[in-house]
Amino acid sequence: MNNSELDYWFDPSSRTLEELRLLQNKAIGNLSLEDGFGKIDRIAGVDCAYYDDKIICSMPVLDYKSLELIEKKHIVQKVPLPYIPTYLNFREGKAIASVFTELKNKPDIIVFDSCGINHPIKAGMATYFGAVMDIPTIGVSKKILCGESETPNEVGESQKLMFKGEQVGWLLKSNKRSNPIIIAPGHKVSVESSLEIVKHCLKGYKLPEPTRLAHMYAAEAKIEIPEHKNRK
DNA sequence: GCGACAG
DNA sequence: ATCTTGTCGC
């Protein structure tokens with residue numbers, strides 16, 4: 001995907017919210033909830049940190065079987081849009097696409113720190129990115145954007161997340177002392193597989209390794225940017 | 001109209 | 001997300 005195509009899908013500047021909503025609908029036209037992957041060798045996680053008007057996006061790639069780090073990359077850009085619920089894909093999308101492009105070891109699937117199809121029009125960050133790039137993605141968030149669910153209480157227990165009469169994901173009690181995490185398919189991953197893949201990536205922490213490491217690396221990269229070091 | 005609302 | 005130390009509990 002070249003730069004103009006990248007801007008077409010991810011640049012919110014000089015566009016109205018109505019136009020951005022149309023882009024989300026257009027991207028979702030390509031959505032698939034069937035497992036569209038073969039053997040998973042590598043899995044990546046992605047997360048963003050913020051400082052002033054800068055967005056720091058980190059993307060580690062791990063070996064799926066051992067969950068060991070293979071490669072990590074991060075990028076710093078100017079935040080293109082304030083946080084507007086249901087439009088997160090246009091706030092973080094460009095930065096994420098940029099880091100993804102720079103990876104030498106492309107992952108077979110990516111885990112996002114955001115929503116997937118558990119979004120008002122199924123255009124959560126994970127789904128939008130996956131549909132635009134046509135790669136398998138999963139969304140893992142800490143708070144519910146939309147939908148209802150029972151609360152899982154035992155570690156390892158999961159409950160269906162329902163929205164408008166359909167299952168759009170899960171709530172999973174991943175850790176004894178943490179609130180449940182919300183899991184949902186992004187693109188090319190079924191509802192069932194999204195849960196199994198995330199479970200495979202759990203190492204006793206609240207978040208699955210891909211996302212947990214992405215969060216750590218983004219925080220590390222953040223304190224290294226000049227704006228942060230020159231603070232007075 | 002009112003309240004909710006990923007990061 | 002971000003601003004931030006100590007502190008309760010296993």
Side-chain angles (χ1 to χ4, degrees), chain A residues 10 12 17 20-21 24 27-28 45-59 74-99 110-132 137-149 153-155 161-164 168-187 194 198 204-208 210-225 227-229 231-232:
Chain A
F10 296 108
L17 288 184
L20 296 182
R21 189 65 89 202
Q24 290 182 327
I28 296 325
V46 62
D47 189 39
C48 301
Y50 296 87
Y51 191 78
D52 288 344
D53 61 344
K54 297 290 190 303
I55 175 172
I56 301 90
C57 179
S58 166
M59 193 158 183
H74 77 266
I75 196 170
V76 179
Q77 295 184 353
K78 185 176 181 185
V79 179
L81 190 74
Y83 170 67
I84 305 172
T86 76
Y87 291 92
L88 185 64
N89 59 311
F90 294 110
R91 180 170 161 83
E92 306 187 332
K94 180 65 182 297
I96 294 175
S98 300
V99 185
I110 305 174
V111 183
F112 287 70
D113 211 62
S114 64
C115 290
I117 61 170
N118 51 336
H119 172 282
I121 64 166
K122 298 189 176 182
M125 179 71 244
T127 299
Y128 187 86
F129 189 89
V132 167
T137 61
I138 293 175
V140 175
S141 50
K142 309 169 202 65
K143 288 183 289 186
I144 295 178
L145 172 62
C146 64
E148 311 79 40
S149 168
N153 294 305
E154 305 300 316
V155 176
L161 174 63
M162 305 295 292
F163 184 58
K164 292 183 175 177
V168 294
W170 310 85
L171 254 68
L172 171 66
K173 180 76 174 175
S174 60
N175 184 299
K176 185 177 182 180
R177 55 196 164 293
S178 309
N179 290 322
I181 54 176
I182 297 87
I183 303 166
H187 175 59
S194 66
V198 169
Y205 296 96
K206 176 176 184 174
L207 298 175
T211 295
R212 193 178 74 83
L213 292 182
H215 187 81
M216 285 181 50
Y217 297 144
E220 290 178 5
K222 171 181 170 175
I223 65 178
E224 290 305 319
I225 65 177
E227 289 82 352
H228 190 282
K229 301 185 100 170
R231 67 190 165 179
K232 293 184 178 176

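All chains are named by letter (A, B, ...) in the order of the sequence lines, taking the proteins before the strands, and each is independently numbered beginning at 1. All heavy atoms count here, side chains included; hydrogens, waters and symmetry mates do not.
Residue contacts for A:S114: at a heavy-atom cut-off of 4.0 Å it reaches a base atom on one of the strands shown. Residue A:R91 is in base contact, counting any heavy-atom pair closer than 4.0 Å across all strands shown. Within 4.0 Å of A:Y128, counting heavy atoms only, lies no atom of the nucleic acid at all.
In this entry the distance linking CD1 of A:I55 with C1' of B:dA6 reads 13 Å, nearest Å. Distance NZ (A:K206) to P (B:dA6): 13 Å, rounded to an integer number of Å. Counting to the nearest Å, the P atom of B:dA6 and the CG atom of A:L207 are 16 Å from each other. A:D53 has its CG atom 17 Å from the C1' atom of B:dG7, to the nearest Å. As rounded to whole Å, 9 Å separates atom P of B:dG7 from atom CD of A:E92. One can place CZ of A:F90 at 18 Å from P of B:dG7, the figure rounded to the nearest angstrom. Straight-line distance from the CG atom of A:L81 to the C1' atom of B:dA6: 14 Å, rounded to whole Å. Nucleotide C:dA1 holds its P atom 16 Å from the CE atom of A:M125, rounded to whole Å.
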Please assess A:I183 against A:I138 for the test side chain to side chain contact (heavy atoms under 4.5 Å, CB included), listing each intermediate value before the final yes or no.
CA-CA 7 Å; A:I183 303 166; A:I138 293 175; 4.2 Å; yes

Applying side chain to side chain contact (heavy atoms under 4.5 Å, CB included) to A:C57 and A:V46, what does each step give before you reach the verdict?
CA-CA 7 Å; A:C57 179; A:V46 62; 3.7 Å; yes

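Checking A:E92 against A:Y83 by side-chain atom types alone, no donor-acceptor pair falls below 3.5 Å.
The phosphate of C:dA1 (OP1 or OP2) has no side-chain N or O of A:K143 nearer than 4.0 angstrom. Within the structure, a side-chain polar atom (N or O) of A:Y83 is placed less than 4.0 Å from OP1 or OP2 of B:dA6. Considering only side-chain N and O atoms, A:K142 lies under 4.0 angstrom from the phosphate OP1 or OP2 of B:dG7.
Each of A:D113, A:V198, A:D47, A:V111 was evaluated against A:P210; a single residue qualifies, A:V111, per the side-chain contact (heavy atoms from CB on, under 4.5 Å) test.
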